[in-house]
Amino acid sequence: MNLTIEKCLREIWFAGVDAVRGEGSVKTALTDFDLPKPDQIISIGKAAADMLSGAQLVFGSDIPAMVVTKYGHSQSLPGSVRTIEAAHPIPDSNSLIAGREVLRVVKQCPQGSHLLMLVSGGASSLVELLSKGNTLADLQTENSRLLASGLDIGPINMCRKEISQIKGGKLLSHFAGASVNVLAISDVEGDDLSVLGSGIGQGPKNPQFSFSPYIVASNKVARDAAAARAASLGLNVVVNAESLYADVYELAVKIADELRNGPTGVYIWGGEPTTILPSNPGHGGRNQALALALAEQILRMDELTVLVAGTDGTDGPTDAAGGLVTSKTWTDKAALYLKHADSGTFLQSRGALFKSGPTGTNVMDLLIAAKH
Ligand SMILES: O=C(O)[C@H](O)CO
């Protein structure tokens, strides 16, 4: 692989991610919006710890705060912050403990109080309080089925809301205070707050308090920052589009086609591809699957290098963010790995896995391609 191109792609990807990190996004938004000092902060999602740090930079660290995040995502927090780690993408018993605790904290907010909610993707799995008659085992089976179905996040979260006592605006219907401000990092198409985290930060229909939601970071912000970095490296940005909303095989054909027929330069796409999983999936995630499907499509196109990775740094249930592939990545054996949703194992064997570690943000995925 041409190391210089690989390095440029990494640099462009990280420039996109840096622009949407939780701490900086929340700090900037709070400074710009001039919101009241909250009496309670609740931060939920994969970027919860970083988002709370941003709020503490503005308001100080003496405000009672609660964080719910994915396992391994809260190391940066001081011990004084009430923290619950839970499982993603399939909820576990800690998700239910978190659901109970979050509801308790919301119910305890006194009249006249101000609540600041910080919400990022992953919240749907991390926090849950089931409606009567549903068990954790039901929840896990239903989530596994939905995630393997190839559906996108909108319809998946509709189903999640139906069996929940806190999703879809139900959590905040228990708030008796004066105002709720929600700062959200969007990992959904159209930045729709009712889809994000299944509406964990959505207000009830007729709130008895002032309710103001703000999107503080999104895929567009990341793509624009990535494009700006590519331009500053003297590279021509050919595409900057949010359109990765289809099955990985379909997208691989479309993207390879655009690359084959387009001019030299940097191509940036964002979004969240889908993939249908077999009954016993191997090791990988949607980004690794798309990277491998693309590797087949760009066979013999030596002028191409492609990096595709989740901005949260954890693609599916793996510790890789995605893959970095060229015309040399694919071999005959790869088809079987792709079929068994085991792209991660194959990419690893080819030195083509891309790892960033948890990034403190989550604005879906970025695909950066270079044609030289
Ligand atoms: O948690 C979720 O529901 C997804 O990440 C979308 O926000």
Side-chain angles (χ1 to χ4, degrees), residues 20 22 25 42-51 67-71 73 84-92 94-96 98-99 102 117-130 139-140 142-164 166-171 182-202 213-220 222 242 244-245 270-275 285-287 309-317 321 358-366:
V20 290
S25 306
I42 299 177
S43 190
I44 304 173
K46 289 188 207 167
D50 276 62
M51 291 182 85
V67 163
V68 181
T69 194
K70 182 172 171 167
Y71 290 115
H73 282 52
I84 300 177
E85 291 192 337
H88 180 278
I90 306 292
D92 67 356
N94 270 12
S95 312
L96 301 186
V102 167
M117 284 204 61
L118 307 172
V119 182
S120 53
S124 293
S125 170
L126 299 170
V127 185
E128 184 54 287
L129 189 63
L130 289 167
L139 178 69
Q140 290 174 325
E142 178 66 350
N143 271 270
S144 305
R145 184 188 71 75
L146 289 168
L147 292 173
S149 67
L151 286 171
D152 61 35
I153 193 71
I156 289 181
N157 282 357
M158 290 283 279
C159 299
R160 284 167 156 167
K161 283 183 213 178
E162 269 175 32
I163 55 168
S164 174
I166 52 175
K167 292 180 168 144
K170 291 177 231 172
L171 173 68
V182 177
L183 302 192
I185 294 183
S186 169
D187 71 331
V188 298
E189 186 175 6
D191 301 337
D192 183 346
L193 212 68
S194 70
V195 176
L196 215 173
S198 303
I200 286 282
Q202 188 187 351
Y214 305 88
I215 299 291
V216 298
S218 65
N219 189 265
K220 176 171 169 33
E242 187 169 328
L244 299 179
Y245 296 111
E272 187 167 271
T274 51
T275 176
R286 59 177 184 264
N287 287 279
T311 55
D312 57 4
T314 58
D315 183 33
T359 56
T361 192
N362 180 12
V363 295
M364 300 183 283
D365 308 326
L366 287 176

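In listed order, ligands and their atoms are each counted from 1.
Every side-chain hydrogen bond (donor to acceptor under 3.5 Å, both in side chains) that Thr314 has, sequence neighbours left out, goes to Lys70.
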Less than 3.5 Å apart, N/O on ligand 1 and N/O on the protein: could you list those pairs with the distances?
from: ligand 1; atom 1: 1 (O); to: Gly122; atom 2: N; distance (Å): 2.9
from: ligand 1; atom 1: 1 (O); to: Ala123; atom 2: N; distance (Å): 3.1
from: ligand 1; atom 1: 1 (O); to: Ser124; atom 2: N; distance (Å): 3.0
from: ligand 1; atom 1: 1 (O); to: Ser124; atom 2: OG; distance (Å): 3.3
from: ligand 1; atom 1: 3 (O); to: Ser124; atom 2: OG; distance (Å): 2.4
from: ligand 1; atom 1: 3 (O); to: Asn157; atom 2: ND2; distance (Å): 2.9
from: ligand 1; atom 1: 3 (O); to: Gly197; atom 2: N; distance (Å): 3.4
from: ligand 1; atom 1: 5 (O); to: Gly122; atom 2: N; distance (Å): 2.8
from: ligand 1; atom 1: 5 (O); to: Asp187; atom 2: OD2; distance (Å): 2.5
from: ligand 1; atom 1: 7 (O); to: Asp187; atom 2: OD1; distance (Å): 2.5
from: ligand 1; atom 1: 7 (O); to: Asp187; atom 2: OD2; distance (Å): 3.4
from: ligand 1; atom 1: 7 (O); to: Gly197; atom 2: N; distance (Å): 2.8

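The backbone N or O of Leu146 lies less than 3.5 Å from a partner atom in the side chain of Ser149, making a donor-acceptor pair. Counting only distance, with no hydrogens or angles, the side chain of Thr69 and the backbone of Gly45 share a donor-acceptor pair below 3.5 Å. Of the possible polar contacts, one joining the Gln140 side chain to the Pro91 backbone as a donor-acceptor pair under 3.5 Å is found. Formation of a donor-acceptor pair under 3.5 Å by the Asn143 side chain with backbone atoms of Ile90 is not found in this model.
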Worksheet entry | side-chain contact (heavy atoms from CB on, under 4.5 Å) assessment of Asn219 paired with Glu189 | CA-CA 9 Å; Asn219 189 265; Glu189 186 175 6; over 6 Å; no
